[in-house]
Asks: 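Once you've had a glance at the structure underneath, I'll fire off some questions.
When reading the values below, keep in mind they use all heavy atoms of this one structure, side chains included, and skip hydrogens, waters and symmetry mates.
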Amino acid sequence: SDWSSDVCSSDLILHKFKETAVSVLPVMAIVFLLGLTILPLQPSILLRFFICGILLVLGLTVFFLFVDLSIQPMGERSGAALTKKKSLSLLLFTAFVIGFIVTAAEPDIQVFGDQVRGVFPQVNKLVFTFVIAGGVGIFITLGLLRTVLNLPLKWTLFISYTILFLAAFFAPDSFIGIGFDSGGATTGPMSVPFIMALGLGVSSVRAGKNDNSFGLTGIT
């Protein structure tokens, strides 16, 4: 009953609608301004863009509403329940699987995969998605291990970035661009709430050290 009342709350829906509109409408206004002045576009294209923009606002409103009502609570409770099992291997394995699945379902990754294929048609989108999802799973696992062992965040980031830039030094330029953009696309509207909630749930069981959950998204 609490859940249904939250869903039906007009204030919550209106709040999510305002958040989405503030993010999307300014971009639409800029495109319309350019389309009517510097870079003239056909009226039919502008009309389709306007319709799609409105649908985007409505869709994201519903999406973010259910992120708050389902993904965040699920992540926090999963992290807390796994920590209470007192099995580090179970926690880390589950974190990897969750990170993999959430990332593979991330809309940003699907769009990014299509863009990469547009430049490099030989890239297999499914393999590309699974490689990114595997990387996220590994670093969520490392991030939670840092939380459990209470390791310093700055040293975790320092070591990770050192390895990253050494790899980038030897990699082709096109790989570097795709690699860094993969990291940006990974932190999308589906994965970030779940990752942060999972870290918060793990930290909440450890003598209330909730501050130690921050940094998990950065490590990922």
Asks: Under 4.5 Å between any side-chain heavy atoms of Ile178 and Phe128, yes or no?
Replies: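 They are in contact (side-chain heavy atoms under 4.5 Å apart), so the answer is yes.
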
Asks: Evaluate the side-chain proximity of Ile13 to Leu65: yes if any heavy-atom separation is below 4.5 Å, no if none is.
Replies: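 Side-chain contact under 4.5 Å: yes.
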
Asks: What I'd like to find out is whether the side chain of Val31 reaches to under 4.5 Å of the side chain of Phe49, using heavy atoms alone.
Replies: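 A side-chain contact under 4.5 Å exists here.
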
Asks: How close do Thr162 and Phe158 get, heavy atom to heavy atom, and via which atoms?
Replies: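 Smallest heavy-atom distance, with atoms named: OG1-O, 2.7 Å.
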
Asks: Please state whether the rings of Phe165 and Phe180 are parallel, tilted or perpendicular, taking 30° and 60° as the class boundaries.
Replies: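 Phe165 vs Phe180 ring planes: tilted.
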
Asks: So does Ala104 get a backbone contact from the side chain of Gln110, meaning a donor-acceptor N/O pair under 3.5 Å?
Replies: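 Yes, Gln110 side chain to Ala104 backbone: donor-acceptor pair under 3.5 Å.
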
Asks: Where do Ala21 and Pro26 come nearest, in terms of heavy atoms and distance?
Replies: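 Smallest heavy-atom distance, with atoms named: O-CD, 3.6 Å.
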
Asks: Provide the closest heavy-atom pair for Val57 versus Thr20 in the form atom of the first, atom of the second, distance.
Replies: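 Distance-wise, the nearest heavy atoms are O-CG2, 3.5 Å.
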
Asks: Taking all non-hydrogen atoms of both residues, which atom of Ile138 and which atom of Phe96 are closest, and how far apart?
Replies: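 Where Ile138 meets Phe96 most closely, the heavy atoms are N-CD1, 3.5 Å.
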
Asks: When you compare the side chain of Thr186 with that of Phe112, does any pair of heavy atoms fall below 4.5 Å?
Replies: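 Answer no - side chains too far apart.
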
Asks: Counting only heavy atoms not in Ile51, do more than 12 fall under 6.0 Å of its CD1?
Replies: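 Count over threshold, so yes.
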
Asks: Find out whether Leu145 and Leu151 are in side-chain contact, i.e. whether some heavy atom of one side chain is under 4.5 Å from a heavy atom of the other.
Replies: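 Not in contact.
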
Asks: Within the structure provided, determine whether Leu58 and Val62 are in side-chain contact (heavy-atom separation under 4.5 Å).
Replies: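 A side-chain contact is absent here, since even the closest heavy-atom pair is not under 4.5 Å.
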
Asks: Would a 4.5 Å heavy-atom cut-off, applied to side chains only, mark Thr103 and Thr129 as touching?
Replies: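 Sidechains of Thr129 and Thr103: no contact.
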
Asks: Answer whether the closest heavy-atom distance between the side chains of Phe64 and Glu19 falls below 4.5 Å.
Replies: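 Side chain of Phe64 against side chain of Glu19, heavy atoms only: no contact under 4.5 Å found.
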
